[in-house]
Amino acid sequence: MAEIIKTENLQDRLKGDSFPAVTFVFDDGVNPTDLTAATILVQFRMTKKTGEVVKTLTDVSGITITTPANGTIVFDRWEPIDWAVGKYFYDVQITFPDSRIKTPVQGHVIILQDTSNL
């Protein structure tokens with residue numbers, strides 16, 4: 001089956017608020033991606049895909065692989081969002097036990113100014 005790279009832009013968030021948990025389910029269009037013994041890396045980068053890294057999540061810190069055989073992960077909630085107002089790019093990179101590396105999803109999140117918490 002062909003590789004599928006999805007673009008999933010996350011919901012806009014307000015600076016100073018909690019970043020809620022976000023769930024992803026990976027598959028090849030038919031079958032779930034088996035994440036057993038895989039490692040996962042996510043970096044949020046400021047302004048552009050090659051911009052400064054402002055947040056790193058891994059399967060050791062910040063990501064929970066909830067059901068490995070069914071390809072389900074969760075970005076754990078964190079708080080507060082203390083980033084500058086702007087657009088941040090991210091992707092999810094998976095390294096499988098056989099050393100294959102795949103990036104099944106990419107996108108962005110926009111951090112908006114909170115009126116109550118300047």
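Computed from a prediction, not measured in an experiment: that's the story for all the values here.
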Can you name the nearest heavy-atom pair linking [X] to [Y], along with the distance?
| X | Y | answer |
| --- | --- | --- |
| Asp59 | Thr39 | OD1-CA, 3.3 Å |
| Asp27 | Asn31 | CB-O, 3.0 Å |
| Ile94 | Ala38 | CG2-CB, 3.9 Å |
| Ile81 | Arg13 | CD1-CB, 3.5 Å |

Heavy-atom side-chain contact between [X] and [Y] under 4.5 Å:
| X | Y | result |
| --- | --- | --- |
| Val92 | Ile40 | yes |
| Asn9 | Phe89 | no |
| Val109 | Tyr90 | no |

Spatial distance of atom NE2 (His108) from atom NZ (Lys87) [nearest 0.5 Å]: 4.5 Å

Nearest-0.5 Å distance, OG1 of residue Thr33 to NZ of residue Lys102: 7.0 Å

Sidechain-backbone polar pair: Thr66 side chain, Thr72 backbone, donor-acceptor under 3.5 Å: yes

Flag, side chain of Thr58 to backbone of Val60, donor-acceptor distance under 3.5 Å: yes

Set of side-chain contact (heavy atoms from CB on, under 4.5 Å) partners for Asp82, sequence neighbours left out: none

Non-neighbouring partners of Asp98 that pass side-chain contact (heavy atoms from CB on, under 4.5 Å), sequence neighbours left out: Phe96, Arg100

Do [X] and [Y] belong together in a cluster built from hydrophobic side chains that touch within less than 4.5 Å?
| X | Y | value |
| --- | --- | --- |
| Trp78 | Leu14 | no |
| Leu41 | Phe75 | no |
| Val105 | Ile73 | yes |

Set of residues satisfying side-chain hydrogen bond (donor to acceptor under 3.5 Å, both in side chains) with respect to Asp76, sequence neighbours excluded: Thr64

With sequence neighbours excluded, residues passing side-chain hydrogen bond (donor to acceptor under 3.5 Å, both in side chains) with Asn70: none

Gln93 and Ile101: CA distance, side-chain angles, deciding distance, side chain to side chain contact (heavy atoms under 4.5 Å, CB included) verdict: CA-CA 7 Å; Gln93 184 180 67; Ile101 299 172; 3.5 Å; yes

Donor-acceptor contacts, no H, no angles, side chain residues 44-55, under 3.5 Å, sequence neighbours left out:
{"from": "Arg45", "atom 1": "NH1", "to": "Gly51", "atom 2": "O", "distance (Å)": "2.9"}
{"from": "Arg45", "atom 1": "NH2", "to": "Gln43", "atom 2": "OE1", "distance (Å)": "3.0"}
{"from": "Lys49", "atom 1": "NZ", "to": "Gln106", "atom 2": "OE1", "distance (Å)": "3.3"}

Can you list, pair by pair, the side-chain donor-acceptor contacts under 3.5 Å of residues 16-25, counting residues two or more places apart and other chains?
{"from": "Ser18", "atom 1": "OG", "to": "Glu79", "atom 2": "OE1", "distance (Å)": "3.1"}

